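In what follows, a structure is listed as structure tokens, so that the remarks can point back to it.
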Amino acid sequence: MRYVVTGAAGFVGSHLSDALLAGGDEVVAVDCLTDYYDPAEKEENALGLDLVRLDLADADLDLDGVDGVFHLAGQPGVRSFGDAFPLYVRRNVIATQRVLESASRAGVRVVFASSSSIYGNAERYPTPEDARPQPISPYGITKLACEHLVRAYGVDAVTLRYFTVYGPRQRPDMLFRRVCDALRDGTTFEVYGSGAQSRSFTEVGDAVAATIAAMKEAPAGALYNVGGGDEASVVEAIALLERVSGRSLDVRRVDPARGDVARTKADVTRIRDELGWSPRVPLADGLPRMWSWASARVAAR
Ligand SMILES: NC(=O)c1ccc[n+]([C@@H]2O[C@H](COP(=O)([O-])OP(=O)(O)OC[C@H]3O[C@@H](n4cnc5c(N)ncnc54)[C@H](O)[C@@H]3O)[C@@H](O)[C@H]2O)c1
């Protein structure tokens, strides 16, 4: 099969593209290498891909001969208040609307990467897909708007709500990556608030497996949580990485970050029942892989 992967030079999109190629599929890898973090990292992620540089907020996708679109391009990160907001609107809402226009004309399936951020401080834990969306970050609000667009366009689409994905190539603004970098470089790590906030951490290989299953097996219109089985607080995650790395982290507490939810905990019953997917990689296996990638980056410099 021939698939477009948008955001193919990003963290999750590059792993997805590699997995599709390894499974014998063809990949049209689309990304415009935004400068949200160092584009050189994205170029590294995309080594081995034939990258089509396209800004989806102002260009159409050519879907001739394409069997499906994995739409992962977007502006992530919950620190989306203030001047950053127009970028979130452009790279999430406007880009997604254009992708949906193209998909609807071509009649191809879209798998859309949404986020657990749409739940905000969720009504209940573990959180099932029918919990009321109540995002507390502008980022989460743009992702929820994209979900509504997917529904409004009525295209053959599957929406995935990823819960904090981690692993090699993780974005430099994300928790595990920031902890690994600080452990590696011996720099001070800032914990927002008490550090008691916790997440359902999802290993990237697990997230990719769910994403491919969504394209190939899910019924049209499906909506799934994609969340890891292990929940850990920021403090617990730091302790785990200290153990894995054999180093200790210099921690400084700073004010809680606006838009940061207190907890995420995915209920993955629906995707398990319908697609047979459940998270396989526990933190105890995923974190050593993450650390060896992050520490090897130093050697490569
Ligand atoms: N990583 C997570 O834990 C997580 C959790 C929930 C949802 N998501 C969503 O999954 C997707 C992938 O996340 P990620 O962590 O890999 O992020 P990422 O920033 O590493 O990747 C996104 C990629 O999209 C590209 N992009 C942005 N706007 C674009 C545009 N207008 N045209 C073309 N390319 C554009 C960027 O250059 C980047 O390479 C995002 O949509 C994100 O919101 C990620």
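Numbering of ligands and ligand atoms starts at 1, following listing order. Quick caveat, the model's predicted, so the values are computed rather than measured.
- Ligand 1 has no nitrogen or oxygen under 3.5 angstrom from a nitrogen or oxygen of S116.
- Donor-acceptor pairing under 3.5 Å is lacking for the side chains of Y139 and N92.
- In R124, the CZ atom is crowded: over 12 heavy atoms of neighbouring residues, nucleotides or ligands sit closer than 6.0 Å.
- Checked against a 3.5 angstrom limit, the closest N/O atoms of D55 and ligand 1 fall inside it.
- Residue-level proximity to ligand 1 for T164 is carried by the backbone, the only part with a heavy atom below 4.0 angstrom.
- Atom 3 (O) of ligand 1 has its closest protein heavy atom at V165 N, 2.7 Å.
- Taking CD from E41 and CD from Q170, the interatomic distance works out to 10.5 Å, rounded to the nearest 0.5 Å.
- Under the 3.5 Å distance criterion, with hydrogens and angles disregarded, a donor-acceptor pair is assigned to the side chains of T34 and K42.
- Proximity of M174 to ligand 1 is established by a heavy-atom distance of less than 4.0 Å.
- Defined by atom type and a distance below 3.5 Å, a donor-acceptor pair is present between the side-chain atoms of Y119 and R161.
- Taking only non-hydrogen atoms, the option from C32, A9, A46 nearest to atom 34 (N) of ligand 1 is C32.
- Atom 37 (O) of ligand 1 has D31 OD1, 2.6 Å as its closest protein atom, hydrogens excluded (heavy atom only).
- The nearest protein atom to atom 40 (C) of ligand 1, hydrogens excluded, is given as L72 O, 3.2 Å; this is a heavy-atom distance.
- More than 12 heavy atoms of other residues, nucleotides or ligands lie within 6.0 Å of CG in D273, so this atom counts as buried by the packing criterion.
- When only modelled atom types and interatomic distance are considered, Y125 and E231 share no side-chain donor-acceptor pair under 3.5 Å.
- Residue Y166 forms a ring-ring contact (aromatic ring centres under 6.0 Å, His included) with just one option from F11, W293, F176, and that option is F176.
- For ligand 1, the polar-atom distance check finds an N/O of L56 within less than 3.5 Å of one of the ligand's N/O atoms.
- Looking at atom 21 (O) of ligand 1, its nearest protein heavy atom turns out to be G10 CA, 3.4 Å.
- Heavy-atom contacts of L33 reach the following atoms of ligand 1: 37 (O) (cutoff under 4.0 Å).
- Taking 4.0 Å as the cut-off, Y37 counts as a neighbour of ligand 1 on heavy-atom distance.
- For ligand 1, the atoms lying closer than 4.0 Å to a non-hydrogen atom of R91 are 28 (N).
- Of the candidates Y139, Y162, F112, F201, Y139 brings a heavy atom nearest to atom 43 (O) of ligand 1.
- A heavy-atom separation below 4.0 Å is found between K42 and ligand 1.
- For ligand 1, the polar-atom distance check finds an N/O of V12 within less than 3.5 Å of one of the ligand's N/O atoms.
- Assignment of S117 to the shell around ligand 1 is not supported, since no heavy atom sits closer than 4.0 Å.
- Residue K143 places a heavy atom less than 4.0 Å from ligand 1.
- The local environment of CZ in R258 is sparse, with at most 12 non-hydrogen atoms from other residues, nucleotides or ligands closer than 6.0 Å.
- Only the backbone of S114 comes within 4.0 Å of ligand 1, judged by heavy-atom distances.
- At under 3.5 Å, a nitrogen or oxygen of F11, whether backbone or side chain, sits near a nitrogen or oxygen of ligand 1.
- Under 3.5 Å, the side chains of E147 and T159 contain no donor-acceptor pair of N or O atoms.
- Atom 17 (O) of ligand 1 has R171 CD, 3.4 Å as its closest protein atom, hydrogens excluded (heavy atom only).
- A side-chain contact (heavy atoms from CB on, under 4.5 Å) with C180 is found for one member of L287, V244, L241 and no other, namely L241.
- The side-chain contact (heavy atoms from CB on, under 4.5 Å) test with M1 singles out one residue from L20, V27, V66, D25, and that residue is D25.
- With hydrogens left out, the protein atom closest to atom 33 (C) of ligand 1 is L54 O, 3.1 Å, a heavy atom.
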| query | Given L72 and Y162, is the side chain to side chain contact (heavy atoms under 4.5 Å, CB included) satisfied, shown in steps? | reply | CA-CA 11 Å; L72 276 68; Y162 292 142; 4.0 Å; yes
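- Closest protein heavy atom to atom 27 (C) of ligand 1: G74 O, 3.3 Å.
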